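Working notes, structure below.
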Amino acid sequence: MAGGRIRATILGFAGALAVFAVLFWIAGVDDLLSTLVAADGRLAALVLLVTLGWLAAWAISLRVVLGVLGVPLSVPQAFFVFTGAMFANNVTPFGQAGGEPITALLISRVADTEYEKGLAAIASVDTLNFVPSITIAVVGVGYFVTEVAFGANRRLELALAAVAVLAVGVPTLVYLGWRRRYRLESRVVALLIPVVRRIAARLPRVPVPTADGIQRRIEGFFRAIERVATNPRGLALALALSTVGWLLQMVGLWLAFRAIGTPIPLSVALFVVPIGAIAGVTPLPGGAGGIESVLVALLVAAPLPGVTESVALAAVVVFRGAVYWTPTVLGGLVTGVVGIRERGSRT
């Protein structure tokens, strides 16, 4: 099981490196390096500072959700746990989908709570984070089209269509899922019980859970989700913090372009950052390579003065260098410390 996960991660990073190689070749390595060398270091440092602000906003959002579930967590603990969550997302294929189970385990150990509560908390935060991203993207697209004609630009038309589909489709799916949540719960229980028991039977030193035990845990997960969804104050606060986090990410991209000496309108960052984040669902760890490709494609497609492939990639390297590597390094340290303490408590 662990070996398969490691192989998938290695293959994912190999794919990401291949994508980066193609990106660098298209942009031109010499042009890219010269643009990066000439970047304003102070503005690049501001991108890092804004990144820490984004992490703090989403970490406090996680703390709010855990508070609704009756799990107390201090602000520093929430920050380090969330960086651990981002580390898990960034080193596992399929981003959040691959990292959520690991994050739930981290939450359960740090907060000393049930695994299903940790899973419900991070799943709720990830879902809530999606709502403001699409809302801001719609605002950004609406503002941008008042300044620039999309014309026959195919990539921008596709971006606009993607935003429109997500803005309508995701809330609809969430609403339908909520209305049918009890039916969905029963189907998930029926599907997962035999799968979990079969996997546990093949793992050494892991007792095979009973069907009733698995059912209680799955039902506990759904009850936790329902508890979060029916708490208006907690939802409003978590959504507000999520919005702040997204805005800080967009300011980060805007600052990155200013750092390399080619400013862009903030409205462009408002819609390219959320669309780029969609590429995080690819098999590449944390969307590495995929997100950068989408961002560069959209930025070059937009009729922005001075934004060539090398300029767009240089700004994206500054932006993603902070957004990807800051939580990966911090979260990796947190995950390592928690693992060491866990092993120490067993001896």
Side-chain angles (χ1 to χ4, degrees), residues 5 9 45-92 95-130 221 224 228 234 237-249 251-252 277 280 285-288 319-347:
R5 185 179 296 164
T9 300
L46 279 179
V47 177
L48 177 60
L49 185 63
V50 166
T51 298
L52 292 174
W54 153 61
L55 288 171
W58 283 13
I60 298 172
S61 176
L62 174 62
R63 180 174 181 262
V64 169
V65 171
L66 284 169
V68 171
L69 297 176
V71 180
L73 208 64
S74 68
V75 172
Q77 281 180 318
F79 180 81
F80 289 120
V81 166
F82 186 75
T83 58
M86 293 305 300
F87 166 76
N89 292 346
N90 288 347
V91 299
T92 54
Q96 292 172 340
E100 279 189 351
I102 301 173
T103 303
L105 183 61
L106 180 63
I107 292 172
S108 67
R109 288 177 175 175
V110 173
D112 192 22
T113 188
E114 297 89 350
Y115 177 85
E116 54 270 24
K117 278 191 178 181
L119 184 59
I122 193 62
S124 298
V125 169
D126 287 341
T127 303
L128 291 172
N129 284 343
F130 190 82
F221 168 76
V228 173
L237 184 54
L239 282 171
L241 289 163
S242 175
T243 302
V244 170
W246 276 114
L247 290 173
L248 287 171
Q249 276 202 55
V251 169
F319 167 67
R320 284 284 294 166
V323 170
Y324 181 88
W325 285 109
T326 301
T328 300
V329 172
L330 290 177
L333 292 173
V334 170
T335 305
V337 169
V338 171
I340 291 171
R341 287 182 176 177
E342 185 74 16
R343 286 193 294 270
S345 64
R346 292 176 181 175
T347 58

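The first residue in the sequence is number 1, and the count goes up from there. Quantities reported herein were computed from a predicted structural model and do not represent experimental measurements.
- Here CE of Met86 is found 13.0 Å from CH2 of Trp325. Values are rounded to the nearest 0.5 Å.
- The structure places OG of Ser108 at 12.0 Å from NZ of Lys117, a figure rounded to the nearest 0.5 Å.
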Exercise for review: Dump the intermediate steps for side chain to side chain contact (heavy atoms under 4.5 Å, CB included) on Val71 and Asp112, then the final yes or no.
Suggested key: CA-CA 8 Å; Val71 180; Asp112 192 22; over 6 Å; no

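- The OG atom of Ser61 sits 6.0 Å away from the CG atom of Asn129 when rounded to the nearest 0.5 Å.
- Looking at Trp54, its side chain never comes within 3.5 Å of a backbone N or O of Trp246 through a donor-acceptor pair.
- Between Ala57 and Val244, the shortest heavy-atom distance links the atoms CB-CG1, 4.2 Å.
- When all heavy atoms are compared, the tightest approach of Gly70 to Pro72 is O-CD, 3.5 Å.
- How far CG of Leu241 is from CG of Leu128: 10.5 Å, rounded to the nearest 0.5 Å.
- Remark: side-chain polar atoms of Arg63 are not paired, donor with acceptor, to backbone N or O of Ala78 under 3.5 angstrom.
- Using a 4.5 Å heavy-atom cutoff, the side chains of Val125 and Val64 are not in contact.
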Checklist line | side chain to side chain contact (heavy atoms under 4.5 Å, CB included) between Leu46 and Leu49, intermediate numbers included | finding: CA-CA 5 Å; Leu46 279 179; Leu49 185 63; 4.2 Å; yes

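- Taking CD1 of Ile122 as the start and CZ of Phe82 as the end, the distance is 6.0 Å to the nearest 0.5 Å.
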Run the side chain to side chain contact (heavy atoms under 4.5 Å, CB included) check on Thr83 and Phe79 step by step: do they pass? CA-CA 6 Å; Thr83 58; Phe79 180 81; 4.0 Å; yes

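- Among all heavy-atom pairs drawn from Ala322 and Pro327, the shortest one is O-CD, 3.7 Å.
- Using modelled atom types, no side-chain atom of Thr326 and backbone atom of Val323 make a donor-acceptor pair closer than 3.5 Å.
- Proximity of a side-chain donor or acceptor of Trp58 to a complementary backbone N or O of Ser242 within less than 3.5 Å is detected.
- Expressed to the nearest 0.5 Å, how far CD1 of Ile60 lies from CG of Leu237 amounts to 9.0 Å.
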Please lay out, stage by stage, how Leu62 and Ile107 fare under the test side chain to side chain contact (heavy atoms under 4.5 Å, CB included). CA-CA 10 Å; Leu62 174 62; Ile107 292 172; 4.2 Å; yes

